[in-house]
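The block underneath contains the structure these notes are about, expressed in structure tokens.
Proteins get letters first, then strands, A, B, ... in listed order; numbering begins at 1 in each. All values below come from the heavy atoms of this structure, side chains included, with hydrogens, waters and symmetry mates left out.
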Amino acid sequence: MKIATWNVNSLRVRLPQVLDWLASVQPDVLAMQETKLTDDAFPVDDIRAAGYFSVYSGQKTYNGVAVFSKTPAEHVQTDPPNLDDPQRRILAVTAGPLRVINLYVPNGSEVGSDKYAYKLGWLSKIRDFIACEMEAHRHTVVLGDFNIAPDDRDVHDPVAWREKILCSTPEREAFRALAGLGLSDLFRRFEQPEGSFSWWDYRAAGFRRNQGLRIDHILASPQLAEHCTACTIDKAPRKLERPSDHAPVVAEFDGF
DNA sequence: ATGGTCGGTAACCGA
């Protein structure tokens, strides 16, 4: 079984790339962020023709999350009871044997800003929601654009990014609090190349110079993590014309 | 050289 996350930065623009990628990689589940589509504009038929069912939670202009799966998703949850938030950033679904929690964590803009406070508050509430989900489901995967680089090795220039947004200590502590629930960062269960990133700024030729951050993650509950056989970042779509600024992250499992 | 580029949407905001 293969599970993936990808911040597509507009599904309208990226749909051809996403369809090509699905055809070649054939994940069982793909969690997407920043679809930037209202639900009435969602390309359900194109996705179905590619062999996938869709669930989605969209809004105008910003945010928007979706999950594609080879079997129909059930028990869809977009609004955790403890989180009163009009922004469409969460999509929890059951897909086959898995509880899948797709997150688009707020960016936070700048350390100390209102958006930063919103990000930290959101992360705190979402932690409680995930804890409840994990109690109810043995095989839970929490994945998406976390907008947090957990460690200095996830940052191309840790000195320049020190205590900056995406790298600040409170953000990293919020990420580690998820590990405290028993969730494991699947990427770090395997040996990885140095300079492994999942996002590169469009500006200043960030991708060409590999000036990136690893901010897209796949976390798994203990019972699921032990079945993980690989976790990789697929840089191929980032090399295409008109790419998303994020690359997909893919985890593979045996015994499912 | 303290900027740069995208996407959405229609002059800028958010990332």
| task | Report the distance from atom CZ of Phe207(A) to atom C1' of dC6(B), rounded to the nearest whole Å. | result | 16 Å
Please output the side-chain donor-acceptor pairs of residues 131-143 of chain A that fall under 3.5 Å, not counting sequence neighbours, one pair per line with the distance.
| unit_1 | atom_1 | unit_2 | atom_2 | d |
| --- | --- | --- | --- | --- |
| Glu133(A) | OE1 | Arg99(A) | NE | 2.5 |
| Glu133(A) | OE1 | Arg99(A) | NH2 | 3.2 |
| Thr140(A) | OG1 | His137(A) | O | 3.0 |

| task | Please state how far atom CD in Gln59(A) lies from atom P in dG8(B), giving the value in whole angstrom units. | result | 14 Å
| message | Test of understanding: with side-chain hydrogen bond (donor to acceptor under 3.5 Å, both in side chains), list the residues that count as partners of Arg188(A), not counting sequence neighbours. | response | Asp154(A)
| task | State which residues pass side-chain hydrogen bond (donor to acceptor under 3.5 Å, both in side chains) with Ser24(A); sequence neighbours excluded, sorted by chain then number. | result | none
Check nucleotides 13-15 of chain B against the protein and report each pair of N or O atoms closer than 3.5 Å, with its distance, or say if there are none.
none

| task | Grab the NZ-C1' distance between Lys164(A) and dT2(B) for me, whole Å please. | result | 11 Å
| query | To the nearest Å, how far apart are Trp161(A) CH2 and dT2(B) C1'? | reply | 14 Å
| Inter-nucleotide P distance (dA1(B), dA10(B)), Å rounded | 39 Å
| query | Other hydrophobic cluster members with Tyr202(A), side-chain heavy atoms of Ile/Leu/Val/Met/Phe/Trp/Tyr under 4.5 Å, chained? | reply | none
| In whole angstrom, what separates Trp200(A)'s CH2 from dC6(B)'s P? | 16 Å
| About how many Å separate NZ of Lys119(A) and OG of Ser109(A), when rounded to the nearest 0.5 Å? | 10.0 Å
Let me have the donor-acceptor pairs involving side chains of residues 66-78 of chain A, under 3.5 Å, with sequence neighbours excluded, atom names and distances please.
| unit_1 | atom_1 | unit_2 | atom_2 | d |
| --- | --- | --- | --- | --- |
| Ser69(A) | OG | Thr71(A) | O | 2.6 |
| Lys70(A) | NZ | Gln26(A) | OE1 | 2.6 |
| Gln77(A) | OE1 | Asp79(A) | N | 3.4 |

| said: Whether Arg14(A) contacts dG7(B) is assessed here as follows: a side-chain N or O lying under 4.0 Å from the phosphate OP1 or OP2. Is that the case? | reply: yes
